[in-house]
Amino acid sequence: MSQLIFHHYPPSPVAEKVRIAFGMKGLAWQSVEIPRLPPKPLLMPLTGGYRRTPVAQIGADIYGDSQNIFRMLDEETDGPKLVTGLSMALASWSETVMFALALRVVLTNAMDSAPPEFIQDRGSLYFDKGWTEEQMKSDLPAFEAQLQAGFAMLEAHAAQSGTYLFGDAPNQADANLHYLLWFVNGRWEGGPAFLSQFPHLLAIDAKLTAAGYGTESALSGEDALMIAREASPQSPTGIFCYNPQQLAVGDRVVVRQAGDTADPDVTGTLRMLDNTRISLDMHNDEVGHTALHLPVLGYKIKKA
Ligand SMILES: N[C@@H](CCC(=O)N[C@@H](CS)C(=O)NCC(=O)O)C(=O)O
């Protein structure tokens with residue numbers, strides 16, 4: 001395998017989910033630090049406008065979304081397998097339900113201290129259209145109660161599950177637990193007291209954190225672009241699933257986040273579609289031919 005490159009920034013909780021997975025697999029990886037807010041001029045040529053963090057890269061194959069990055073890690077790298085059907089389903093719940101609640105709690109508590117442009121940007125990605133600070137603050141106790149309910153479900157499971165959520169080895173589900181705890185604990189001053197109700201979850205997390213993040217070395221964004229330019233996509237092409245939209249390889253397609261968010265659309269040429277991944281061929285002057293891989297669940301795919 002050519003080198004594993006990871007585009008992220010240290011405070012990103014979703015990137016933390018993947019960094020802890022590098023530790024579970026014992027991987028060596030190259031770290032490119034990207035900005036927390038757009039513009040992201042050294043990342044956009046690789047992603048064709050997909051702006052979320054993190055993004056992984058192997059040569060000219062570019063993987064957006066942590067869901068998809070976990071699949072890639074199992075397919076393209078060594079180490080124990082992390083993904084099962086159930087871990088994927090739990091990851092999806094943790095990303096949609098639990099992370100949305102955690103974001104509301106953390107960001108609403110930070111509204112008087114974080115830079116206003118940061119709150120505005122994240123509000124446009126994660127909150128309901130037309131949100132106001134006043135409404136978010138008045139809803140805060142209700143969000144905390146829901147977040148607590150979700151952690152209580154996981155705690156009841158963890159009390160019986162053994163060393164990790166699914167037995168004696170950690171997997172994707174534990175990584176999805178870890179990033180929620182890491183975010184709530186580290187970014188909300190009430191987080192440690194709130195989480196102290198969940199000792200079994202904290203015990204799992206202590207083991208994950210102790211195992212670390214694999215072996216990291218720094219890479220510049222410019223060098224990551226050069227690596228993409230000098231490579232060509234190695235991933236498969238074809239249609240490998242029931243195909244209700246009757247898409248064909250070579251069609252121009254638009255992929256957008258499901259939900260009413262401010263994320264830009266991504267447009268490319270269909271390269272591969274299966275049940276859980278869509279791959280687009282992209283071309284631009286800075287990096288030449290790349291393939292962008294995004295998940296199917298959580299994204300809306302349409303012919304352009
Ligand atoms: N579903 C995506 C969500 C990614 C996400 O929302 N990441 C946050 C950072 S933790 C983000 O992109 N924030 C906006 C940005 O970095 O520009 C995934 O699992 O990768």
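Counting starts at 1 for both ligands and their atoms, in listed order.
The shortest N/O to N/O separation between Tyr299 and ligand 1 does not fall below 3.5 Å. Looking at Glu95 next to ligand 1, no N or O pair under 3.5 Å apart turns up.
Taking a cut-off of under 4.0 Å to the non-hydrogen atoms of Arg51, the atoms of ligand 1 that pass are 14 (C), 15 (C), 17 (O). Here is the list of ligand 1 atoms found below 4.0 Å of a heavy atom in Tyr9: 9 (C), 13 (N), 15 (C), 16 (O). Listed by atom number, the atoms of ligand 1 under 4.0 Å from Pro13 heavy atoms are 10 (S). Heavy-atom proximity to Leu125, at under 4.0 Å, picks out these atoms of ligand 1: 14 (C).
Under the 6.0 Å cut-off for aromatic ring centres, Phe22 and Tyr213 do not qualify, their centroids lying 6.0 Å or more apart.
Between the NE2 atom in His289 and the CE atom in Met282 there is a gap of 10.0 Å [rounded to 0.5 Å].
With respect to the salt-bridge test (charged N to carboxylate O, under 4.0 angstrom), the residues Arg271 and Asp251 do not qualify. With salt bridges taken as basic N to acidic carboxylate O contacts below 4.0 Å, none links Arg104 and Glu144. Using a cutoff of 4.0 Å between basic side-chain nitrogens and carboxylate oxygens, Lys25 and Asp74 are scored as salt-bridged.
In terms of protein heavy atoms, atom 1 (N) of ligand 1 is closest to Asp65 OD2, 2.8 Å. When only non-hydrogen protein atoms are considered, atom 8 (C) of ligand 1 lies nearest to Tyr126 OH, 2.9 Å. For atom 12 (O) of ligand 1, the closest non-hydrogen atom of the protein is Thr53 N, 2.9 Å. Looking only at protein heavy atoms, the nearest one to atom 20 (O) of ligand 1 is Ser66 N, 2.8 Å. Scanning the protein for heavy atoms near atom 10 (S) of ligand 1, the closest one is Ser12 OG, 3.1 Å.
Checking Gln67, Lys40, Arg52 against atom 15 (C) of ligand 1, the nearest heavy atom belongs to Lys40.
In the model, Asp205 has a side-chain atom that pairs as donor or acceptor with a side-chain atom of His178 under 3.5 Å.
For the residue pair Pro10 and Arg19, the shortest heavy atom distance occurs at O-NH2, 2.8 Å.
Using a 4.0 Å cut-off between heavy atoms, Arg122 contacts ligand 1 through its side chain alone, with no backbone atom that close. At a heavy-atom cutoff of 4.0 Å, ligand 1 is contacted by no atom of Ile69, backbone or side chain.
Taking the side chain as every heavy atom from C-beta outward, Phe151 and Leu181 approach each other to under 4.5 Å.
Partners of Ser31 according to the side chain to side chain contact (heavy atoms under 4.5 Å, CB included) rule, which considers only residues two or more places apart in sequence or in another chain, are His8, Trp29, Glu216.
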